[in-house]
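Working notes, structure below.
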Number of protein chains: 2
Amino acid sequence: PKAAKPPAPVNIWSSLTVNDTTTIYRWLNEPSHDLNLTSPESAALSDNFIYHIEAYRPSKSDALRYLESPEDSNLPERYARATIHHGTVPVIKDYLVGPLPVSENTTMRQLTEIYHREDIPFNARGFAFPSEFTPMLMTYMPKIASVTQDLFDGVAMGLPNDTLVAGAVGPLSFDGSFRRTWVNWRRNVPGPWLHPVNFFQYVDLSGNDPAEWKLLKVVYNHQVFPTLNAFLAAYHNGTLRRLPPRPDQDDTDWSARYRPKGPPRDLDDLPGPRQVSFAGLRFRVDRAAQYVSWLGWGVYLGFDRDMGLSLWDVRFLGERIAYEISPQDALAQYAGNDPMQTSTAWLDRFFGMGTSVRDMLPGYDCPYEAVYLPATTYAPFGSIHRERAICIFEHDTGRPITRHTGWEKGEFGAVRGYVLTIRSISTVGNYDYLFDYIFHTDGTIEVRVSASGYLQGGFWEPAQEGYGTAIRDTTMGSLHDHVMNFKVDLDVAGTANSLLYTHTDTEEVERDWFDDDWGTTVVQQKITREYIANEDAARLKYPLNFQGGYAFVNQDRTNRWGIPRGYAIHPGYSPVHNTVVGSRRLLKNADWARYNLAVSRRKDAEPSSSSMWNMNLPGAPPVEFARFFDGEDLAQQDLVAWVNVGMHHLPQAEDAPNTRTNVAASSFFVAPLNYFDADVSMDGANAVLLAPP
Amino acid sequence: PKAAKPPAPVNIWSSLTVNDTTTIYRWLNEPSHDLNLTSPESAALSDNFIYHIEAYRPSKSDALRYLESPEDSNLPERYARATIHHGTVPVIKDYLVGPLPVSENTTMRQLTEIYHREDIPFNARGFAFPSEFTPMLMTYMPKIASVTQDLFDGVAMGLPNDTLVAGAVGPLSFDGSFRRTWVNWRRNVPGPWLHPVNFFQYVDLSGNDPAEWKLLKVVYNHQVFPTLNAFLAAYHNGTLRRLPPRPDQDDTDWSARYRPKGPPRDLDDLPGPRQVSFAGLRFRVDRAAQYVSWLGWGVYLGFDRDMGLSLWDVRFLGERIAYEISPQDALAQYAGNDPMQTSTAWLDRFFGMGTSVRDMLPGYDCPYEAVYLPATTYAPFGSIHRERAICIFEHDTGRPITRHTGWEKGEFGAVRGYVLTIRSISTVGNYDYLFDYIFHTDGTIEVRVSASGYLQGGFWEPAQEGYGTAIRDTTMGSLHDHVMNFKVDLDVAGTANSLLYTHTDTEEVERDWFDDDWGTTVVQQKITREYIANEDAARLKYPLNFQGGYAFVNQDRTNRWGIPRGYAIHPGYSPVHNTVVGSRRLLKNADWARYNLAVSRRKDAEPSSSSMWNMNLPGAPPVEFARFFDGEDLAQQDLVAWVNVGMHHLPQAEDAPNTRTNVAASSFFVAPLNYFDADVSMDGANAVLLAPP
Ligand SMILES: [Ca+2]
Ligand SMILES: [Ca+2]
Ligand SMILES: [Ca+2]
Ligand SMILES: [Ca+2]
Ligand SMILES: [Cu+2]
Ligand SMILES: [Cu+2]
């Protein structure tokens, strides 16, 4: 693509380079810091080791100062956040390290101001290494191999050719006092999530000594056994109520992405239409600065372990629209009648939506013309680099953005509808989340999440009625809600913004000019515009029948017609919030999911509505969203909106093998609201103005 | 495009040819029918003349018989509907004429079974000729030309260079006992709807004698005058409270589609991306039969005066999904503080959404590769033929329909997301409605209406606060709701269908396998599935937070997993219904707008939820939707869903000059729900399956 000209040469939100992290890693290991670190490769859980190193983004005031005068002397000091697993205690702590690059001025201190608790309990920690509890499972699964072979036609011996593989559920803890999960077993075939065998163990994985980890309970076909021996005894003495045979599961190809047999559909042997920019791409990319510009838009890209792609300093026609737009967390709360589904409330930030990004499939995940950008995230065993982590492409919507066929000169024409999409796809185990930021020529941004990938399946039996749908004789898709939260730090004509609630109601009013034909009154609607003055009133749902909406406006900056300039947050597809309120598994750690959106004062100390440890600490989360709402005034302040998208996922046969992105989609718009004096997309050069007939 | 192979050679829903209408016209004029007809060109309102001639669609049973065995002997007899303005009485009657072609067997009878009243009152009639009341306005406007010149800088003399033009509002009547409207004056410039001068007259246009039409009232700047003389007296004696001067309106280019001055945006001098099917188009079109097929889909197109494009016998992978999908009416109800906006409740079927279709602008209204189909509608002064009334194009959505990046063989791949769009655009005066039917490879159809064109503007002044937004110092966009109703006659695995309501609620249940870690209960969601048994319970709103939905299922046809095969009606963008209930201007004539959707037994006698005369008969409509809901049983019956899309249009500066289709959009999906055994889009040949890394 053509070279871009970022408004400031340095992307101050960029990730650390591998060299940065290596240097910080070495610096932290210097004995003077007294951290007693062990290399992650050889560390035991009871050792101290570095779990994560990542850029810590500058304060907004430092950032704005630099953007205002992008001279090197104004560059914000760079810092890193380092997460250390203090296995010796055990406890987790986050540190701020900097300024960078490492020099004699570099220091470290514990990072606490962005959390609502001092330390992270060790039982809420992230996985230190993949399948870290496999050894514990192998203390008992090989012993019962003949039984699992008989019951499930599979064994788990800890070998590459194992025919059963384990899954587990989260949250792993409530408040850090324990770390326990329900292990569930699946057949080791393509799409194992659709092949649960209905065999569960509750296991304790608390603390820093895997030798103390133990099995607490066994569940098979609704029968609960306190020990493995009790389960084996029932099996051997014939009191075990066995599951029915599963002839429907002999063939496992149905859960793979194999093309069904049969000829292609009529003309599907031909390639489909393909977008071509015959005179070259119209967007610009600065690969070094990770900056993209297109038809008046400009945006810096960020990327992190927890949530992947984020947008910074989003400008349109020379003015900043948003300082930051970034995903915060992705909730998936399940329901069911087995230990696994009843216990699952994923917050995928735990797993790292950024780390989970894989290389996109050119021509399939994005059109042929797309330009890809790389991303690198730190992992304890070596940085993960993805060359195609982000794609950027312009797209013809196939629909004019405005048009009219009039009868007078000047009325007859159309402007083509083009959009620029910036996309990243995270595959977290079974699920694929497509994050799209879609920029329109009128100043609108649509933020859309589409889902694909595999369902989290259950064993279908009549007792599961109401908790999902059979997608095979003995496999079901389990009922769940998805809610994804976005931080939308709009700065509308500056940072001093107010929260406008516009709503409509019906009125019956008298009018002088009426007479008997229709009565002297009229029943009609009327708009009320009011400012929501306080955070306590700013946890919001879309009004019934969408009779109204929310916008950020700058009361001190009006458009030419005297209306405060604003940007609205407008619902798109599937504007839902979480269904379940009151589950202990999401007690306080995902309150953002209860609303369609919420608006709070923007704070450097409230950079995110969640954290990677929130999943495992529903009772005492590091980030407690509700505490952002402490009665602060919202009038002409720097505000941030926390906006949800989501889907109520009632599985159906058509979710197999993978969920379809066309209906599994949710979005919102950020759209100008009297921000301009008129529609600016009218300046499009790809327009036609005809003489009327 | 490539030739199509329609399942039956004759499109039994096709429009009449010009030859057909000419023959019927002659036949009706035969003295033997005793209709005493005058040619529309020379007819007075007090004469009898033919207002409309159009194909009358066959009964569904006749149609299905032919589709089952498409032999000529099974072809349904063809009939036409003829609307005659009996000015001599005066009254309007609809007649059924057939069988066609005209022969000695052809007869006529009054068509009453599809209406809830016998005749149409003459005061509810359609316009017999364009601006038919201009002569009446010219009885007084030239007289006050010096006054209008002084007050509004314009005159209406009935000349081509008039600087003022008239608008009027509907409904024109309540129950047919009168025909009256508020005339409002606009400057005769591009986009006159944005140039109201705030001058209104209430005029009586009742009956069949224009000589009796008269002015009833004059309103200027909230001052009501019973006569023109009273208004003139106030003007001359200085008691008239005058409107402020309007320097903002000197330049009128702002309401034209002229490109704003200034250079193009960066790179906008280049053409945007363009879709190309390098190996040729993949959809087939039979231009004679107006039949389209694409990747397993097949559909016949219909076209009529009232609502334009409709879809018939929609089949996917060999099975009929829908017998009919067709728009029914388009409501636009306004609010304001002047005689015009307070009195407006358009039902655009009155004007003819089909007749209002203009030739689309190739490359702008549809992509370059689109194939266009013509449509012809009857008009009293000669048929209107549009060569580019409908466009058809395949589009790459730029997003895979399914994808997963797995770690096991068979899990790693994607299928491209292609759609076929069939589009028609109606421009009804100021407004442009884009009707899109978007077919997906998984069996989903999205029905989307986008709006563009001009606002219906008002004169902005502080007294209009709450009724819209200033888009100029003295022009406002007026608050209004759009609701468009679609007839969706799904036939899911046959015509015997039931209405499934699926919803989710929260439950707290005990489970044996829990212990103290999380308590012995779990709070989770659960699905309830119930059949709505009776029409009385089938006027529906989407549940709060969209926790549930509606589907047509055939309880006697299950997919391979024993689930009744179904198709869901799934909300898309802006799933709203009308805000105002209780207005006399929509008392009984648009009850469909009160819900998100409604489901009734399909009846040949209930072909539509509206009629062209419904607008003018809110008190006694020809089609009274509420009467469809008469307690009939919905279990395993031929059902039809009446589904709404709509937008609450709170105007904003960015609506000028024209509304943007990206945010002014509303849609619903018709999507398989356990209709198949698995996702059928997996058979796509434009797919990739890779070895996992
Ligand atoms: Ca606060
Ligand atoms: Ca802000
Ligand atoms: Ca009925
Ligand atoms: Ca039906
Ligand atoms: Cu899901
Ligand atoms: Cu509108």
Side-chain angles (χ1 to χ4, degrees), chain A residues 190 219 224 256-257 260 264-265 267-268 270 272-273 275 277 279 282 295-296 335 339 342 358 361 364 367 395 398 402-405 408 410-411 413-414 418 427 452-453 466 470 512-513 522-527 546 561 576 579 582-583 652-654 656 658 660 662 674 678-679 683 685 688, chain B residues 190 219 224 256-257 260 264-265 267-268 270 272-273 275 277 279 282 295-296 335 339 342 358 364 367 394-395 398 402-405 408 410-411 413-414 418 427 440 442 452-453 466 470 512-513 522-527 546 561 576 579 582-583 652-654 656 658 674 678-679 683 685 688:
Chain A
V219 173
V224 183
R257 294 190 52 88
R265 297 188 198 167
L267 299 183
D268 196 18
L270 302 180
Q275 292 218 139
S277 296
R282 304 201 298 174
L295 296 188
T342 45
R358 307 274 291 276
L361 312 177
Y364 294 90
H395 200 66
T402 61
R403 62 95 63 201
H404 186 66
T405 33
E408 301 295 330
E411 281 180 357
Y418 293 106
T427 303
S452 193
D512 288 346
W513 51 76
V522 66
V523 177
Q524 63 181 3
Q525 54 174 328
K526 188 168 189 180
I527 304 168
F546 298 98
W561 325 119
V576 305
T579 298
S583 162
Q652 58 181 79
E654 292 83 1
N658 290 158
R660 294 154 299 137
N662 54 350
N674 302 301
D679 170 27
D683 74 6
V688 66
Chain B
V219 173
V224 183
R257 293 190 54 87
R265 297 188 199 169
L267 299 183
D268 197 18
L270 303 180
Q275 290 219 140
S277 296
R282 303 201 299 175
L295 296 189
T342 45
R358 307 275 291 275
Y364 294 90
E394 187 178 4
H395 200 66
T402 62
R403 62 95 63 201
H404 187 65
T405 32
E408 301 295 330
E411 281 181 356
Y418 293 107
T427 303
H440 297 243
D442 66 332
S452 192
D512 288 346
W513 51 75
V522 66
V523 177
Q524 63 181 3
Q525 55 174 327
K526 188 169 188 179
I527 304 169
F546 298 97
W561 325 118
V576 305
T579 297
S583 162
Q652 58 181 79
E654 292 83 0
N658 290 157
N674 301 300
D679 170 27
D683 73 6
V688 65

* Calculate, to the nearest 0.5 Å, the distance between atoms CG and CZ belonging to A:Asp683 and B:Arg265 respectively. => 4.0 Å
* Can you see which heavy atom on B:Pro273 is nearest to which on A:His395, and at what distance? => CG-N, 4.1 Å
* Counting only N and O atoms by type, is there a donor-acceptor contact under 3.5 Å from the side chain of A:Asn674 to the main-chain atoms of B:Gln652? -> no
* Proximity breakdown for A:Val523 and chain B, heavy-atom pairs closer than 4.5 Å -> both
* Closest non-hydrogen atom pair between B:Glu411 and A:Arg257, with its separation -> O-CD, 3.8 Å
* Asked: Using a cut-off of under 4.5 Å for heavy-atom pairs, which of B:Thr402, B:Val576, B:Thr427, B:Val522 has the most such pairs with chain A?
  -> B:Thr402
* Between A:Pro190, A:Pro339, A:Gly453, which shows the greatest number of heavy-atom pairs under 4.5 Å with chain B? -> A:Pro339
* So which heavy atom on B:Leu270 is nearest to which on A:Ala279, and how close? -> CD1-O, 3.8 Å
* For chain A, the option from B:Ala656, B:Ala256, B:Gly398 that forms the most heavy-atom pairs under 4.5 Å -> B:Gly398
* chain A interface, residue from B:Ser277, B:Pro264, B:Gly413 that has the most non-hydrogen pairs under 4.5 Å -> B:Gly413
* First locate atom NE2 of B:His404, then atom CZ of A:Arg358, and finally report the distance between them rounded to the nearest 0.5 Å. => 7.5 Å
* Counting only heavy atoms closer than 4.5 Å, note whether A:Val219 contacts chain B via side chain, backbone, both or neither. => side chain
* Inter-residue atom distance A:Asp679.CG - B:Asn658.CG, 0.5 Å rounding -> 8.0 Å
* Structure fact -> Answer key: most heavy-atom pairs under 4.5 Å with chain B among A:Val224, A:Thr342, A:Asp512 is A:Thr342
* So which part of B:His440 gets closer than 4.5 Å to some heavy atom of chain A, the side chain, the backbone, both or neither? -> side chain
* To do: Would you name the heavy atoms of A:Trp561 and B:Ala653 that are closest together and state the gap between them?
  => CD1-CB, 4.1 Å
* Asked: Under the side-chain contact (heavy atoms from CB on, under 4.5 Å) test, which residues partner A:Ala678, sequence neighbours left out?
  -> none
* Structure fact -> Counting heavy-atom pairs under 4.5 Å with chain B, the top scorer among A:Gly582, A:Pro367, A:Gly410, A:Gly296 is A:Gly410
* **Contact origin within B:Val688 toward chain A - heavy atom pairs under 4.5 Å** => both
* **From B:Asp268 atom CG to A:Tyr418 atom OH, the distance as rounded to the nearest 0.5 Å** => 8.5 Å
* Asked: Mind checking whether A:Glu654 and B:Asp442 have side chains closer than 4.5 Å, heavy atoms only?
  -> no
* Structure fact -> Interface check, chain B: of A:Ala470, A:Gly272, A:Pro260, A:Ala335, most non-hydrogen pairs under 4.5 Å belong to A:Gly272
* In terms of heavy-atom proximity below 4.5 Å to chain A, should B:Phe546 be classed as side chain, backbone, both, or neither? -> both
